J.: 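Would you mind keeping the following structure in view while I ask a few things?
In this text, all values refer to a predicted model and were calculated from it rather than measured experimentally. Throughout, protein chains are lettered first and strands after them, A, B, ... in sequence-line order, and every chain is numbered starting at 1.
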Protein chains: 2
Amino acid sequence: MKAAYYHGNRTIRIGESIRRPPGPDEVRLNVAYCGVCGTDLHIFRGGMDKRVAIPQVIGHEMAGEIAEVGANVKGWAAGERVVVRPLASCGTCPACCAGHAHICYNLKFLGIDTPGAFQSSWTAPAHTLHRLPPGFSLDQAALIEPIAVACHDVRLGMVKSGEEVVVIGGGPIGLLIALVAAQIGARVLISEVNPFRLKLAREFGLEAVNPKETDLADFVGKRSGGAGADVVFEVSGSAAGAATMTQLVRARGRIVIVAIFAEMPKVDLFSFFWRELHLLGARVYEPEDFEEAISLAARGILPLTRLISDRRPLSDLQTVFEQIEASTDLMKVLIDTQGE
Amino acid sequence: MKAAYYHGNRTIRIGESIRRPPGPDEVRLNVAYCGVCGTDLHIFRGGMDKRVAIPQVIGHEMAGEIAEVGANVKGWAAGERVVVRPLASCGTCPACCAGHAHICYNLKFLGIDTPGAFQSSWTAPAHTLHRLPPGFSLDQAALIEPIAVACHDVRLGMVKSGEEVVVIGGGPIGLLIALVAAQIGARVLISEVNPFRLKLAREFGLEAVNPKETDLADFVGKRSGGAGADVVFEVSGSAAGAATMTQLVRARGRIVIVAIFAEMPKVDLFSFFWRELHLLGARVYEPEDFEEAISLAARGILPLTRLISDRRPLSDLQTVFEQIEASTDLMKVLIDTQGE
């Protein structure tokens, strides 16, 4: 029963997973797999030391099995296979009162603001659970959380069948957004500079271009008969992406900000005025996005096994972070939390 | 029958108003008044010399009377008092085909891309006309065009009764947006640095603060019980306004870009992500906005006479531009196009 603790200063150490009995409204889970997210890497690099209680177990892209059920928990039983929607909202702030609990003003993100799932035993609130269909493999289920992000983004972007969609940035989230939008029937184009990611996108049947080789605005203009794209997803978080996004959309088109912009880029607000563009931010997910993600994954139409670059034991987590930093050809690495 | 011609190089010269007979789908108008818009000043300063066919009569905030009616024109007669919605769209571009003719990709703005209304006789397409109610004064009617801008902005911002609204910038358009939003029942706050404009806003019964004296984010936070504003209108076009706007809105709140940003400001895209904010551009108006503006003005609930700072003859237009540039306490100046 091991756990990977973040100790600050780019250091992960393996310790014991503390088997905390569930409170009345909680369940204890045996974690099977937990994917490594960009946010985890950001924590590893020290970017979130103010929120993380060092030493702390992090990780939130998990799948596992219920081991124990708290006294008040109804509708869940030991042995059920589940994923966790890792959000705890306050219930009283203006966002919660307006029905937007996922962007609660006092939101706690499990695995950042509370202990996470890079461990074999994890105790979490029962209200965060989503049930997996029978036979759904737990390694693929560890991808449900990032798929739910993509489902949320595509839903808020109101993507419809036949629409022209451009995704700027072809990492795991960008690729998933492209796949979810394509599954709806949108004509999707990915803009990405990394050759490995370009190749993978094309292998998935998606159209993909390198904006360093192709004039993206010109390409999208021609592709859309001069109109511009209906929806652009900015997933790169780069100044170049922020500069390009306004050049791609049609009059009244939508731009969805998915990326976390660490710095404020320059944005062409004149184009927003001139073409009455819409920009909207999309963060995490709501319960329906998890249900949609599970449904999509269960139908077997997403190339999930190809998105998993590697499966590694807990004891490798330090090395995995270093490899992701150094690598240009890793998509999703899963940590086998039972493996040592 | 005089006209004021823009000759480039900050020069207005008075010449003859050419009484052009209406084409089959046009009307010839006797212009009564034409307001001086920020766009006219921008033209005077040389900022639109690529679009203006020098020497050209400019001006578009007009009110007047129909003098002659073209052969195909139905439903209009000489003697009727009207205003012109000064837009000519192509009818075939992607924006027109999508029902957004006011942001046509090939939009011609009458008075910029074609001759304008700083003259006593003006010939315009009949489809641009809106009828004034009986007895409506033609000086106040010259304000219909900027009121229609405000109606469009407030409509796209989906302002509802009881909502918290902040307007950044209290010039003519900002004030009109505030007045239109207040008339719907919104709780409106104006942010403005100019003491004359602050005083005028307060005389109109609007709450107004100087962001150089008051921490606007803090003020709006307290005013909204910690939630943030529902809608912010950015009408200043300043880097400071662009930096502040994201600090004022609640989760899922709306920011409407009304100003013309000549330079790309830095924008806090992280806040868009974090609070799922919406940003939308709003440009000119649609026919329903003109009808709403006429209806609002006719009900006498807008302090229109107080918005008119001065009435001047055509021959003063050069001086008026210079005075608007130098002044801090002019709102709307009307040109009496029959006066010499």
Side-chain angles (χ1 to χ4, degrees), chain A residues 92-105 107 152-153 156 164 221 224-228 230 234 237 239 241-243 245-246 250-284 286, chain B residues 92-105 107 152-153 156 164 221 224-228 230 234 237 239 241-243 245-246 250-284 286:
Chain A
T92 58
C93 75
C96 285
C97 292
H100 312 309
H102 68 296
I103 47 171
C104 166
Y105 286 19
L107 189 71
H152 185 68
D153 298 337
L156 293 199
E164 293 279 346
S224 58
D230 296 288
E234 204 323 289
M245 64 188 190
T246 45
R250 65 165 170 79
R252 291 250 176 121
R254 293 150 266 153
I255 299 171
V256 185
I257 299 294
V258 175
I260 297 176
F261 278 84
E263 299 193 7
M264 294 208 291
K266 287 194 173 183
V267 174
D268 181 8
L269 292 186
F270 177 79
S271 285
F272 279 91
F273 160 80
W274 194 250
R275 286 200 161 188
E276 294 195 339
L277 306 183
H278 288 207
L279 179 109
L280 50 122
R283 180 178 166 208
V284 294
E286 294 171 88
Chain B
T92 58
C93 76
C96 285
C97 293
H100 311 309
H102 69 297
I103 47 173
C104 165
Y105 287 18
L107 188 71
H152 185 68
D153 299 336
L156 293 199
E164 293 279 345
S224 58
D230 296 288
E234 205 322 289
M245 64 188 190
T246 44
R250 66 166 170 78
R252 291 249 177 122
R254 293 150 265 154
I255 298 171
V256 185
I257 299 294
V258 174
I260 297 176
F261 279 82
E263 298 193 8
M264 293 208 289
K266 287 193 173 184
V267 175
D268 181 8
L269 292 185
F270 177 79
S271 285
F272 278 91
F273 160 80
W274 193 250
R275 287 199 160 187
E276 293 194 340
L277 305 183
H278 288 207
L279 180 114
L280 49 122
R283 180 178 166 208
V284 294
E286 294 171 89

J.: Under 4.5 Å from any heavy atom of chain B, what part of A:H100 do you find: side chain, backbone, both or neither?
T.: side chain
J.: Only pairs of heavy atoms separated by less than 4.5 Å count here; which of B:A227, B:S271, B:P94 has the most with chain A?
T.: B:A227
J.: Taking side chain as C-beta onward, heavy atoms only, is A:R283 less than 4.5 Å from A:H152?
T.: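 No, their side chains stay 4.5 Å or more apart.
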J.: Below 4.5 Å, heavy-atom pairs only: which of A:W274, A:F270, A:F272 has the largest tally toward chain B?
T.: A:W274
J.: Heavy-atom distance under 4.5 Å between the side chains of A:Y105 and B:R250, does that happen here?
T.: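 A:Y105 reaches B:R250 side chain to side chain.
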J.: Do any of residues 255-263 of chain B have a heavy atom less than 4.5 Å from a heavy atom of chain A, and if so, which, in residue order?
T.: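 Within residues 255-263 of chain B, the residues that come under 4.5 Å of chain A (heavy atoms only) are B:I257, B:V258, B:A259, B:I260, B:F261.
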J.: Name the region of B:L277, side chain, backbone, both or neither, that has any atom closer than 4.5 Å to a heavy atom of chain A.
T.: backbone
J.: Flag the one option from B:V284, B:L279, B:L107, B:I103 with the top tally of heavy-atom pairs under 4.5 Å to chain A.
T.: B:L279
J.: Answer whether the closest heavy-atom distance between the side chains of A:V267 and A:M245 falls below 4.5 Å.
T.: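 Contact flag for A:V267/A:M245 side chains = yes.
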J.: So which residue, A:H102, A:R254, A:E234, ends up with the most heavy-atom pairs under 4.5 Å with chain B?
T.: A:H102
J.: Pick from B:A98, B:P265, B:A251: which one has the most heavy-atom pairs with chain A under 4.5 Å?
T.: B:P265
J.: Among the options B:D268, B:L269, B:L280, B:L156, pick out the one with the most heavy-atom pairs lying under 4.5 Å from chain A.
T.: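 Heavy-atom pairs under 4.5 Å are most numerous for B:L269.
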